[in-house]
Amino acid sequence: MNKPLTIAGIGLLLLASGCRRPATQEKTAPAEAVKAAAPAKAAEILSNPLKEAYFGEQHLHTAYSLDAYIGGARLAPSDAYRFAKGEEVEVGGAKARLRRPLDWAAVTDHAEYLGEMYSTMNEKAPGYDHAQLKELRALRTIEEREKWFIEYVQKPNRGTTPRHAPFFAGDETTVSGWKVVLAAAAEHDRPGTFTTIPAFEWSAAPQGGNLHRNVFFRDANVPDRPMSYVDINREDGLWAWMAGLEKQGMKVLAIPHNSNASKGMMFPSTNAAGDPINLEYAETRSRYEPLIEMMQIKGNSEVHRWFWAADEFSNFENADSLGDYSGRDLKAFGKQNWVRWGVTKGLAYEKALGVNPFHYGFVGGTDSHNGTPSNVDEDNFAAGSHGAGDGTVERRRTSEIGGWLKGKDLNPGSLTGVWAPRNTRAEIWDAMKARETFVTSGPRMKVRFFGRLGAGAPPADAKGLVERGYAEGVPMGGMLTGPAATAPTFTVHAMKEPDGANLDRIQIVKGWIDAKGEPQDRVFDVVWSGDRKPGKDGKVPAVGNTVDVTKATWTNTIGSNELIGSWTDPSFDPKQHALYYVRVLQIPTPRWSTYDAVRAGLPLLEGVAATVQERAWSSPIWYAPKR
């Protein structure tokens with residue numbers, strides 16, 4: 001069992017360890033420097049009872065992740081936080097900076113090989129002089145790096161019995177690497193201004209199926225080292241470890257990602273041992289996993305056009321080539337890889353067991369392996385996401401990210417929006433735990449979503465919508481419980497990103513279970529820009545397209561700055577479990593690959609969309625009949 005480790009004093013521990021690093025990384029601030037820059041007291045931070053949208057990154061790798069280091073990443077966790085706060089860093093020999101700082105961020109370096117990376121980058125660390133680490137530090141070409149990665153990372157870590165590399169120097173190196181991560185979080189956390197969240201990634205991949213989870217702590221009470229896939233092979237073991245941490249007073253949650261690459265294992269009908277899901281499993285999973293990642297650089301996991309042909313907007317960053325690697329044949333696993341199917345299937349278990357094991361709110365991230373959190377703008381993807389693997393126009397157009405997907409199927413990733421009263425670690429974490437979160441595919445559009453049982457007057461303005469939403473109903477992530485005299489009414493509001501593209505429409509996606517227990521869903525247009533009228537099929541016509549693909553430009557002559565409205569479910573059955581979530585669509589804008597082609601004077605990629613309709617997804621609101 002792990003002992004608690006508080007962040008206070010970690011700087012002194014690092015100094016005692018003789019930690020050194022390459023000159024391209026920023027040194028960890030000593031304890032006295034962290035103390036001197038003491039953050040504001042929580043009582044001094046203004047609080048908004050109607051809450052603010054705080055945008056941040058919940059999935060990011062630095063040079064302390066072995067696969068990132070192999071790709072060329074040299075930014076340390078502290079450098080990543082500097083980038084998140086708007087400072088300039090160097091990536092692949094070029095300068096990089098966010099256009100707008102983030103409100104919060106979490107560095108989620110892989111627990112696997114964290115110790116090995118500490119040995120790699122710190123001259124006085126145990127194992128630094130191991131022959132294979134000398135070889136690693138000497139690698140130069142992308143071909144050499146990929147070969148080394150397959151041999152020492154991919155092969156041992158994607159089977160049923162993962163193991164540390166031969167150059168692992170013992171648990172003390174993992175502890176030391178974890179201290180580096182925690183010290184960076186302590187150094188940069190500024191309540192009310194910028195929040196850091198202590199975190200790591202547990203990267204299970206049995207038989208090549210992705211079951212990765214990012215693990216987040218509410219405060220500085222954390223274990224002395226993270227748990228890796230080498231230590232704990234399946235997710236139920238991770239939850240048991242988290243339960244042990246809770247007994248020690250720690251507050252912890254996990255977020256799965258890349259269900260699109262899970263080979264049908266992310267939303268299973270059985271536990272890891274092959275036994276049918278039971279009440280204990282459902283309660284445990286729901287307790288420790290309140291959220292799931294909707295989108296990242298390796299694709300959009302909401303839906304896929306192959307399986308949701310009736311959804312006219314399902315053809316969005318589908319990342320088809322995921323199916324070309326590690327036996328992840330997407331067509332073979334069908335709908336079971338996708339978030340909409342999974343969260344809807346959870347309703348069947350809720351009906352049968354009384355608890356929904358897939359009771360997920362939604363978040364987004366990048367999974368960038370460059371150490372640059374939330375660098376998500378389509379026109380700012382020049383550095384790519386995986387170092388030398390996709391760091392040039394040519395590589396993005398013609399090559400691949402080893403073992404995952406082709407470069408042309410990448411995207412810059414997504415953002416998480418959190419509705420919280422204040423920008424502090426506790427309140428960001430609490431909002432995540434409560435599922436009051438939304439995802440955007442990059443733009444910082446803001447989304448509100450409330451539900452109430454029974455009819456209600458349409459919202460007159462955004463402030464009134466929020467006030468009534470909290471007073472009379474539940475926000476995104478909430479639960480409505482019947483029986484209801486009338487169908488539930490939902491209110492929605494979306495604002496475009498400042499200086500960004502206008503909005504096309506707001507939709508509500510409804511999910512329910514049929515008589516056979518199979519997931520069903522339908523998409524409803526709720527409010528839209530302009531004077532368009534729904535057709536006979538109930539669908540609103542396309543908003544239009546102002547993109548000039550020869551110049552990679554667009555205009556805001558169509559769409560709206562803001563959309564607000566209400567909707568009542570026309571097919572509501574008070575005896576039927578259901579969920580509802582919002583999807584907001586922007587007008588079309590150029591895709592990153594179009595910006596690349598225009599800047600480089602190259603033709604557009606064949607078979608790749610030249611434009612995208614960026615979007616946002618709210619966490620669901622659930623309805624359950626009273627038992």
Side-chain angles (χ1 to χ4, degrees), residues 53 253 255-257 259 266-267 282 285-287 289-295 300-303 308 311 313-314 335 338-351 355-364 414 416-419 431-441 446-453 469-470 473-482 484 487-494 506-513 519-524 526 566-569 571-573 576-585 615-625:
L253 61 82
I255 302 176
H257 59 260
S259 67
M266 190 63 81
F267 308 111
R285 184 163 184 160
S286 180
R287 177 180 181 86
E289 295 187 359
L291 302 165
I292 193 166
E293 186 178 271
M294 181 68 87
M295 181 179 176
N300 160 32
S301 289
E302 182 203 12
V303 289
W308 278 271
D311 183 345
F313 297 105
S314 61
K335 288 189 171 185
W338 308 94
V339 169
R340 188 186 295 177
W341 185 93
V343 294
T344 307
K345 183 63 177 179
L347 300 175
Y349 294 105
E350 183 178 29
K351 181 178 180 181
V355 177
N356 181 350
F358 311 135
H359 187 197
Y360 286 127
F362 302 151
V363 295
S414 63
T416 296
V418 174
W419 288 106
M432 294 170 74
K433 181 73 171 178
R435 305 176 177 88
E436 197 169 354
T437 60
F438 62 98
V439 189
T440 90
S441 59
K446 296 181 180 181
V447 182
R448 299 307 290 252
F449 180 39
F450 294 91
R452 56 169 288 166
L453 291 174
Y470 282 122
V474 299
M476 62 182 75
M479 174 71 75
L480 297 170
T481 303
T489 297
F490 299 94
T491 51
V492 295
H493 177 235
I506 300 177
Q507 300 178 311
I508 287 181
V509 180
K510 178 184 178 180
W512 71 95
I513 298 296
Q520 305 295 321
D521 59 78
R522 183 177 173 187
V523 181
F524 298 88
V526 175
S566 64
W567 177 82
T568 301
D569 183 0
S571 58
F572 177 67
D573 180 349
Q576 183 181 70
H577 291 75
L579 64 83
Y580 307 82
Y581 67 87
V582 160
R583 186 170 65 184
V584 182
L585 297 166
R615 58 199 62 195
W617 301 264
S618 77
S619 288
I621 292 174
W622 289 264
Y623 168 80

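Not measured: the values here are computed from a predicted model.
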**Item:** Qualifying residues under side chain to side chain contact (heavy atoms under 4.5 Å, CB included), relative to Val474, sequence neighbours excluded
**Value:** Leu480, Ile621
**Request:** Find out whether Met479 and Tyr623 are in side-chain contact, i.e. whether some heavy atom of one side chain is under 4.5 Å from a heavy atom of the other.
**Result:** no
**Request:** Check side chain to side chain contact (heavy atoms under 4.5 Å, CB included) between Thr416 and all other residues, then give those that pass, not counting sequence neighbours.
**Result:** Gln58, Trp104, Val363, Val418
**Complete:** With sequence neighbours left out, the residues meeting ring pair (Phe, Tyr, Trp, His ring centres under 6.0 Å) with Tyr360 are none
**Complete:** Taken in chain and number order and not counting sequence neighbours, the residues that satisfy side chain to side chain contact (heavy atoms under 4.5 Å, CB included) with Ala487 are Thr568, Phe572
**Under 3.5 Å donor-acceptor, Ser286 side chain and His359 backbone** = no
**Item:** Nearest atoms (heavy-atom pairs only) where Ser414 meets Gly364
**Value:** OG-CA, 3.1 Å
**Complete:** With sequence neighbours left out, the residues meeting salt bridge (charged side-chain N to carboxylate O under 4.0 Å, His left out) with Arg287 are Glu246
**Fill in**
Heavy atoms of Thr437 and Ala431 approach each other most closely as CG2-O, 4.0 Å
**Message:** Are the side chains of Trp419 and Arg448 in contact, using a 4.5 Å heavy-atom criterion?
**Reply:** yes
**Request:** Please tell me if the side chains of Leu585 and Gln507 come closer than 4.5 Å, counting only heavy atoms from C-beta onward.
**Result:** yes
**Asked** With a 4.5 Å heavy-atom cut-off, do Val584 and Val582 have their side chains touching?
**Response** yes
**All salt bridge (charged side-chain N to carboxylate O under 4.0 Å, His left out) counterparts of Lys335, not counting sequence neighbours** = none
**Request:** Taking side-chain hydrogen bond (donor to acceptor under 3.5 Å, both in side chains) as the test, write out the residues that go with Gln576, two or more places apart.
**Result:** none
**Request:** Let me see the working for Leu347 and Trp622 under side-chain contact (heavy atoms from CB on, under 4.5 Å), right down to the final yes or no.
**Result:** CA-CA 9 Å; Leu347 300 175; Trp622 289 264; 3.9 Å; yes
**Request:** Let me see the working for Glu350 and Val355 under side-chain contact (heavy atoms from CB on, under 4.5 Å), right down to the final yes or no.
**Result:** CA-CA 4 Å; Glu350 183 178 29; Val355 177; over 6 Å; no
**Fill in**
For Val526, the side chain to side chain contact (heavy atoms under 4.5 Å, CB included) test, sequence neighbours excluded, returns Val492, Ile508, Trp567
**Message:** Contact between Ser301 and Ser259 at the side-chain level, heavy atoms closer than 4.5 Å - yes or no?
**Reply:** yes
**Asked** Going by heavy atoms in the side chains, are Pro625 and His577 under 4.5 Å from each other?
**Response** yes
**Request:** Using a 4.5 Å cut-off on heavy atoms from C-beta on, say whether the side chain of Lys510 contacts that of Ser571.
**Result:** yes
**Request:** Compare every heavy atom of Met432 with every heavy atom of Ile255, then report the nearest pair and how far apart it is.
**Result:** CD1-CE, 3.7 Å
**Request:** Locate the shortest heavy-atom distance separating Pro357 from Tyr349; write the atom from each residue and the value.
**Result:** CD-CB, 3.4 Å
**Request:** Tell me, please, which residues at least two apart from Trp308 pass side-chain hydrogen bond (donor to acceptor under 3.5 Å, both in side chains).
**Result:** Asp521
**Item:** For Ser441, side-chain hydrogen bond (donor to acceptor under 3.5 Å, both in side chains) partners two or more places apart
**Value:** Glu614
**Prompt:** Is the centre of the Phe490 ring less than 6.0 Å from the centre of the Tyr580 ring?
**Reply:** yes
**Message:** Please enumerate all residues that pass salt bridge (charged side-chain N to carboxylate O under 4.0 Å, His left out) together with Glu302, with sequence neighbours excluded.
**Reply:** Arg340, Arg583
**Prompt:** side-chain contact (heavy atoms from CB on, under 4.5 Å) between His493 and Phe449: does it pass, once the steps are laid out?
**Reply:** CA-CA 7 Å; His493 177 235; Phe449 180 39; over 6 Å; no
**Request:** For Glu436, check side-chain hydrogen bond (donor to acceptor under 3.5 Å, both in side chains) against everything at least two apart and list the hits.
**Result:** Lys51, Tyr470
**Request:** Evaluate the criterion side-chain contact (heavy atoms from CB on, under 4.5 Å) for residue pair Phe362 and Ile292; output intermediate values, then yes/no.
**Result:** CA-CA 5 Å; Phe362 302 151; Ile292 193 166; 4.0 Å; yes
